[in-house]
Amino acid sequence: MALEPTVGQLRWRTRRGLRELDLMLQRYLSEHYPSASAADQAAFVELLEQSDADILDWLLGRSAPPPDLANVVAALIPRR
């Protein structure tokens, strides 16, 4: 059984090198992750394993995220 990552470990993994993506991931971690369901928390951890290019394509609507990541991707998209 794999250990669940700590919030500190997740915070480190949100540092991707692309400032806009970093900010979106860090905002989700601080504003949504603590109250998210266990499934959405697991999906966020899985999202952090994906490539920056894939995450950006999902956020910009260029492609659809995998169904198991869709809720987290939707929560990452800023509301206007």
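Below, each value reflects all heavy atoms present in this structure, side chains not excepted, and no hydrogens, waters or symmetry copies. The residues of the chain are indexed from 1 along the displayed sequence. Predicted model, so just to flag it, every value in this text is computed and none were measured.
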Using the rule given for salt bridge (Lys or Arg N to Asp or Glu O under 4.0 Å), can you reason through Asp52 versus Arg16, listing the C-alpha separation, both sets of side-chain angles and the distance that settles it, and then say yes or no?
CA-CA 7 Å; Asp52 292 354; Arg16 309 295 286 222; 2.6 Å; yes

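The minimum heavy-atom distance between Arg15 and Gln26, with the atom names listed, is CG-NE2, 3.8 Å. The two residues Gly17 and Asp22 make their nearest non-hydrogen contact at N-OD1, 3.2 Å. In terms of heavy-atom proximity, Pro65 sits nearest to Ala70 at CG-CA, 3.9 Å. In plain terms, the two heavy atoms of Ser63 and Trp58 that are nearest each other are OG-CD1, 3.3 Å. Nearest heavy-atom pair, Gln41 versus Ala36, reported as atom, atom and distance to 0.1 Å: NE2-O, 3.6 Å. Taking every heavy atom of both residues into account, Asp40 and Val72 meet most closely at O-CG2, 3.5 Å.
The aromatic rings of Tyr28 and Tyr33 sit perpendicular to each other, their planes meeting at more than 60°, with 30° as the lower class boundary.
Tracing side-chain contacts under 4.5 Å through hydrophobic residues (I, L, V, M, F, W, Y), one reaches Leu18 starting from Leu47; they form part of the same cluster. Residues Phe44 and Ile77 fall within the same hydrophobic cluster, defined by Ile, Leu, Val, Met, Phe, Trp and Tyr side chains chained together at heavy-atom separations under 4.5 Å.
Put simply, CZ on Arg13 and CD on Glu49 are 4.5 Å apart, with the number rounded to the nearest 0.5 Å. Distance check: His32 NE2 to Asn71 CG gives 12.0 Å after rounding to the nearest 0.5 Å. Atom CE of Met24 is separated from atom CG of Leu56 by 8.5 Å, given to the nearest 0.5 angstrom. Here OG of Ser30 is found 11.0 Å from CG of Leu25. Values are rounded to the nearest 0.5 Å.
Taking the side chain as every heavy atom from C-beta outward, Leu48 and Thr14 approach each other to under 4.5 Å. With a 4.5 Å cut-off on side-chain heavy atoms, Thr6 and Arg11 do not count as touching.
In this structure, Arg62 places its CZ atom where more than 12 heavy-atom neighbours from other residues, nucleotides or ligands lie under 6.0 Å away.
Side-chain atoms of Arg27 come within 3.5 Å of backbone N or O of Leu76 as a donor-acceptor pair.
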